[in-house]
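Notes follow the structure.
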Amino acid sequence: MKGNDMRGFGQLLRVETRLYLRDVGTMLATVGLPTLVLVVLGLVPALRRPDPTFDGQTFVSYFAPSLLVVTVAVAGLNVLPTMLATYRERGVLRRLATTPASPAALLAAQLVITLAAIVASAVLLVVVGRLAFGVPLPRHPLGFAAAFVLGTAALLALGLLVAAVARTAKAAQALMAPLFLLIMFFGGVYLPRFLLPDLLVRIGDYTPPGVQALLDSWTGTPPQPLHLAIMTGIAVLAGAGAAKLFRWE
Amino acid sequence: MPVIEVTNLHKRYGDVVAVDDVSFTVEAGEIFGVLGPNGAGKTTTVECVAGLRVPDGGEVSVLGLDPRRDAAGLRERVGVQLQESQLPDRLRVGEALELFASFYRRPADPAKLMTELGLDEKRNTPYKKLSGGQKQRLSIALALVGDPEITILDELTTGLDPQARRVTWELIERIRDRGVTIILVTHFMEEAERLCDRLAVIDRGRVVAVDSPAGLVRRVAPTQRVRFRPSAEVDDRLFTELPEVTTVERTGGQVVVSGSGDVLHAVASVLARNQIVAADLRLEQSTLDDAFVELTGRRITE
């Protein structure tokens with residue numbers, strides 16, 4: 001039941017975007033939550049003081065990349081797979097398969113919306129951080145963009161892989177929950193990474209979306225090629241697995 | 001000229017045979033029923049016709065095309081209403097129709113369809129807020145929005161209250177009047193009898209009979225039953241010796257005389273000769289229900 005082309009993509013993108021914007025709760029959680037946490041932390045004066053623990057940066061600057069992990073994890077591991085599994089569970093994908101539209105067009109529309117939400121969230125975080133709390137803009141913009149895009153791709157691919165094998169929205173969430181917790185934990189969201197043992201920090205370097213590469217490129221050094229290569233590898237492997245296993249019903 | 005030809009269709013899921021051997025043809029412009037109990041293989045059969053499933057054996061031809069090879073072409077010309085297929089909660093009625101219309105090269109006018117199906121007032125209502133009947137009407141509208149030559153409607157009225165069911169039936173008749181060929185999957189006798197020009201009775205993955213509803217009833221022994229409460233004791237033999245009568249049964253105080261031909265006249269004559277008055281006299285004729293039991297050896301169950 002493969003779609004031959006991307007028939008219907010434009011209209012689906014328009015309608016799905018409207019549906020996404022109508023779901024205010026989800027939208028705020030994806031786009032606004034990391035910035036909200038940044039603002040709350042930034043209101044604590046001690047966290048705005050440069051500290052030798054963070055190589056002379058403020059805690060807020062040090063923690064900002066972990067907040068990006070929140071965005072990517074929520075959008076890619078929670079919202080997107082739940083949406084797709086719900087569509088399959090409720091027969092929306094099957095319904096589409098009876099029309100000339102391609103279900104792949106729906107998948108593509110969902111991906112575009114998820115990416116847009118993640119980018120919007122990142123931009124909001126960077127801009128608010130800069131204007132309100134003096135968090136410097138990424139010093140290595142190209143490296144930062146590369147780390148962000150590849151890390152996001154790796155997590156989205158993992159999310160799609162789970163969406164591919166989960167038959168229902170509940171099953172998707174059950175599969176996703178432990179993965180989500182691990183990603184958040186190693187991304188330094190629950191406990192700032194300087195509190196974690198060195199081994200866990202090293203593991204966190206290689207779990208998507210690769211918080212160390214984000215931190216490096218944000219604070220000035222180019223991301224390590226190995227980190228980027230691993231993100232690329234995860235994206236390709238998980239993406240290929242998702243494409244192979246994905247079922248319309 | 002047949003628009004759909006199904007020949008020796010066979011489909012299994014693993015070890016389970018869903019459709020064993022099904023053949024039928026559907027003529028242009030008719031309402032063709034696929035009638036059978038749950039699990040008989042009705043849905044799998046029409047899903048193969050719709051190109052949603054690949055048969056393991058047999059031939060399917062729709063508008064002269066093969067649903068597997070010409071899937072893209074057929075999706076333009078065949079509208080499908082699936083069982084238990086829903087839409088996103090927040091999608092509004094008007095949006096759904098316009099979205100689906102945009103998929104087709106020559107769609108019907110969504111606004112006109114909305115009026116025809118009585119959905120005008122619900123134009124801006126999200127899917128979640130629709131009643132069961134409204135959801136079904138939207139589902140029919142979506143099956144028609146591509147202006148199809150053939151529409152497949154699967155268990156359309158299941159879960160609707162009798163009022164909504166009747167409204168839906170009128171709707172289907174209007175669709176047929178527009179020249180659309182309709183395949184209607186159902187397990188409701190009343191629905192099949194009222195709507196279908198012809199129907200295929202399917203049981204355990206096989207076609208038991210294909211005929212008009214009246215033809216199916218005629219095909220089984222045209223049984224008539226006379227049921228009454230006699231005013232005095234009456235000997236069964238008075239009836240069993242009549243040539244028209246096949247059986248005499250008693251339930252409670254009632255006598256039920258079954259047979260063919262003019263059973264009523266024969267029974268009435270016997271009663272008159274013996275000066276017995278028949279209270280609560282009723283004549284029952286065979287129904288599609290009886291025909292179904294006769295053909296499959298069991299009653300259709302919901």
Side-chain angles (χ1 to χ4, degrees), chain A residues 1-28 79-110 113-114 163 167-170 247-249, chain B residues 43 46-47 49-54 67-107 110 124 126-128 135 138-139 142-148 150-154:
Chain A
M1 214 180 305
K2 284 182 194 116
N4 299 327
D5 47 37
M6 292 296 272
R7 187 95 163 263
F9 174 73
Q11 279 294 325
L12 279 166
L13 181 61
R14 184 143 49 147
V15 169
E16 288 294 325
T17 303
R18 256 189 248 161
L19 293 181
Y20 184 81
L21 294 176
R22 249 169 234 167
D23 188 356
V24 178
T26 301
M27 191 185 62
L28 287 181
V79 179
L80 178 67
T82 305
M83 178 74 88
L84 288 175
T86 305
Y87 275 16
R88 179 171 34 211
E89 187 181 351
R90 306 185 65 186
V92 176
L93 297 178
R94 238 164 93 68
R95 186 72 191 73
L96 268 187
T98 69
T99 73
S102 158
L106 179 69
L107 195 59
Q110 290 281 356
I113 291 166
T114 303
R167 288 185 163 271
T168 63
K170 271 209 177 107
R247 297 280 175 271
W248 298 120
E249 48 185 288
Chain B
T43 293
V46 295
E47 282 177 345
V49 172
L52 286 170
R53 293 194 189 280
V54 180
R68 279 167 287 176
R69 278 206 315 275
D70 309 298
L74 280 178
R75 278 181 203 138
E76 288 280 349
R77 301 168 68 187
V78 179
V80 183
Q81 183 264 332
L82 293 167
Q83 210 182 144
E84 284 163 12
S85 150
Q86 296 176 299
L87 292 173
D89 279 341
R90 289 187 172 83
L91 188 62
R92 294 172 186 160
V93 170
E95 285 174 346
L97 274 165
E98 272 153 35
L99 175 65
F100 276 67
S102 77
F103 299 154
Y104 295 88
R105 287 206 185 85
R106 283 177 303 276
N124 291 316
Y127 183 76
K128 188 172 59 177
K135 282 180 183 169
L138 175 57
S139 189
L142 293 180
L144 294 177
V145 79
D147 201 11
I150 298 175
T151 299
I152 298 174
L153 305 171
D154 191 0

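Everything quoted here is computed from the prediction, not taken from an experiment. Here is the naming used below: chain letters follow the sequence lines, and residue numbers restart at 1 for every chain.
Looking only at side-chain heavy atoms (C-beta outward), B:K135 and B:L138 stay at 4.5 Å or farther from each other. Using a 4.5 Å heavy-atom cutoff, the side chains of A:Q110 and A:Y87 are in contact.
Interface remark: A:R14 contributes no atoms to any contact with chain B (heavy atom separation under 4.5 Å). When heavy atoms are compared at a cutoff of 4.5 Å, A:V92 approaches chain B by way of both its backbone and its side chain. Both the backbone and the side chain of B:L142 come within contact range of chain A, each with at least one heavy atom under 4.5 Å from a heavy atom of that chain.
No other option in B:G146, B:S85, B:S139 has as many heavy-atom pairs under 4.5 Å with chain A as B:S85. Annotation: maximal heavy-atom pairing with chain A below 4.5 Å, among B:Q81, B:E98, B:R92, B:R105, occurs at B:R92.
Heavy-atom minimum distance, B:Y104 versus A:P100: CE2-CD, 3.3 Å.
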- CA sep, side-chain torsions, deciding dist, call: A:L96, B:F103, side-chain contact (heavy atoms from CB on, under 4.5 Å): CA-CA 10 Å; A:L96 268 187; B:F103 299 154; 3.4 Å; yes

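Remark: the backbone N or O of A:A97 is paired with a side-chain donor or acceptor of B:R75 at under 3.5 angstrom.
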